[in-house]
*Asks:* 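Quick one: the structure is below, questions incoming.
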Amino acid sequence: MRTFITRRRLAVATLTGLASTAIAPAAARADQAGTAGDAASRSRARLERNKRTVVGFYDLAFNQKRPQEAVRRFAGPMYIQHNPLFADGTDAFIAAVTAFTEQNPQLHVDIRTVIAEGDRVLTHSLITLSPDDLGLVAADIFRIERGRIVEHWDVVQPFPETSVNDHPMF
């Protein structure tokens, strides 16, 4: 009887040891997967936040015609401008947008696509100066640093009246 109990304890101890060595790596893998999942979730959340920042900035500055508030809420301490028609800095941005929206009071920016990758957000938009304007098609790229817009590039073209293909701009 004693031998049976000893063997049983040995078997339980062996099985417990095997189970714990099998469970430990599985638990570590689950922890790593959880950590990787958490990191991916944080990354997705950051990208969505960056998109909201850019859309909020663009809408507030141009559509609501409040560029000073847009800068205060969404721009970083520096604002690097790659458009050769505009100077660097938030003061220059405020002055340019204010002048442009005063000259074009019916201006509207219709953001059709927003894509985020890393620290960059790209918007593809239709900018109209009046309701009957065909508008301008713009692709803007913004760089985000610590949740704030710090850099901007754009490519703008007139919306074409005709096209040699059947593919729309949006």
*Asks:* Taking S125 for its side chain and I127 for its backbone only, find out whether a donor-acceptor pair lies under 3.5 Å.
*Replies:*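 No, S125 side chain to I127 backbone: no donor-acceptor pair under 3.5 Å.
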*Asks:* Can you list, by chain and residue number, the hydrophobic cluster partners of M78 when the side-chain cut-off is 4.5 Å?
*Replies:*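 Hydrophobic cluster check, M78: joined to I80, V150.
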*Asks:* For T123 and V54, run side-chain contact (heavy atoms from CB on, under 4.5 Å): C-alpha distance rounded to whole Å, both residues' side-chain angles, the deciding distance at 0.1 Å, then the answer.
*Replies:* CA-CA 8 Å; T123 62; V54 165; 3.7 Å; yes
*Asks:* Using atom types as modelled and distance alone, determine if a side-chain donor or acceptor of T101 lies under 3.5 Å from a backbone N or O of T98.
*Replies:*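 Confirmed, T101 side chain pairs with T98 backbone.
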*Asks:* Would you say L134 ends up clustered with L126 if hydrophobic residues are merged whenever their side chains have heavy atoms under 4.5 Å apart, either directly or through other cluster members?
*Replies:*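 They do share one cluster, since a chain of ILVMFWY contacts under 4.5 Å joins L126 to L134.
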*Asks:* So, for G118 and R46, which heavy atoms are closest and what is the spacing to 0.1 Å?
*Replies:*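 Taking G118 first and R46 second, the nearest heavy atoms are O-NH2, 3.6 Å.
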*Asks:* Taking all atoms of both residues into account, what is the closest heavy-atom pair of L107 and N63, and its distance?
*Replies:*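 Answer, listing the atom of L107 first, then N63: O-OD1, 4.4 Å.
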*Asks:* Could E117 and R120 be called an ion pair, given the rule that one side-chain N must be under 4.0 Å from one carboxylate O?
*Replies:*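 Answer for the salt bridge query: no.
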*Asks:* Please list every donor-acceptor pair under 3.5 Å in which a side-chain atom of residues 67-75 meets a protein atom from a residue at least two apart or in another chain.
*Replies:*
residue: E69; atom: OE1; partner: R66; partner atom: NE; Å: 2.9
residue: E69; atom: OE1; partner: R66; partner atom: NH2; Å: 3.0
residue: E69; atom: OE2; partner: R66; partner atom: NH2; Å: 3.3

*Asks:* Using modelled atom types only, decide if a donor and an acceptor are shared between the side chain of N104 and the backbone of F100 within a distance under 3.5 Å.
*Replies:*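 The answer is yes, because a donor-acceptor pair under 3.5 Å joins these two groups.
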*Asks:* Please examine the side chains of V114 and V121, heavy atoms only from C-beta on, and report whether any two atoms are closer than 4.5 Å.
*Replies:*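 Yes. Closest side-chain heavy atoms under 4.5 Å.
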*Asks:* Using the test ring-ring contact (aromatic ring centres under 6.0 Å, His included), find all partners of Y79 that sit at least two apart in sequence or belong to another chain.
*Replies:*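 Checked Y79 against ring-ring contact (aromatic ring centres under 6.0 Å, His included); matches are F93.
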*Asks:* Applying ring-ring contact (aromatic ring centres under 6.0 Å, His included), name anything that partners F170, two or more places apart in sequence or on another chain.
*Replies:*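 Partners of F170 by the ring-ring contact (aromatic ring centres under 6.0 Å, His included) criterion, ordered by chain and then number, come out as H124.
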*Asks:* Is there a side-chain contact between R112 and D110 in this structure, where contact means two heavy atoms from C-beta onward sitting under 4.5 Å apart?
*Replies:*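 In contact.
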*Asks:* According to side-chain contact (heavy atoms from CB on, under 4.5 Å), who are the partners of D133, at least two apart in sequence or on a separate chain?
*Replies:*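 Applying side-chain contact (heavy atoms from CB on, under 4.5 Å) to D133 gives T128, L129, S130.
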*Asks:* I would like to know whether I149 and I144 meet side-chain contact (heavy atoms from CB on, under 4.5 Å); could you show each step before the answer?
*Replies:* CA-CA 5 Å; I149 297 170; I144 309 294; 3.6 Å; yes
*Asks:* Compare every heavy atom of K65 with every heavy atom of P105, then report the nearest pair and how far apart it is.
*Replies:*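 Reported closest heavy-atom pair: O-CE, 3.1 Å.
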*Asks:* When clusters are formed by joining ILVMFWY residues with side-chain heavy atoms under 4.5 Å apart, either directly or through shared neighbours, do F62 and L136 land in the same one?
*Replies:*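 Per the 4.5 Å side-chain linkage, F62 and L136 are co-clustered.
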*Asks:* Side chains of W153 and F142, heavy atoms from C-beta outward: is any pair under 4.5 Å?
*Replies:*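 With C-beta onward as the side chain, the pair stays apart.
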*Asks:* Quick test of your reading: applying salt bridge (charged side-chain N to carboxylate O under 4.0 Å, His left out), list the pairs with at least one residue in residues 137-149, sequence neighbours left out, ordered by first then second residue.
*Replies:*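 Those involving residues 137-149 are R143-E145, R143-E151.
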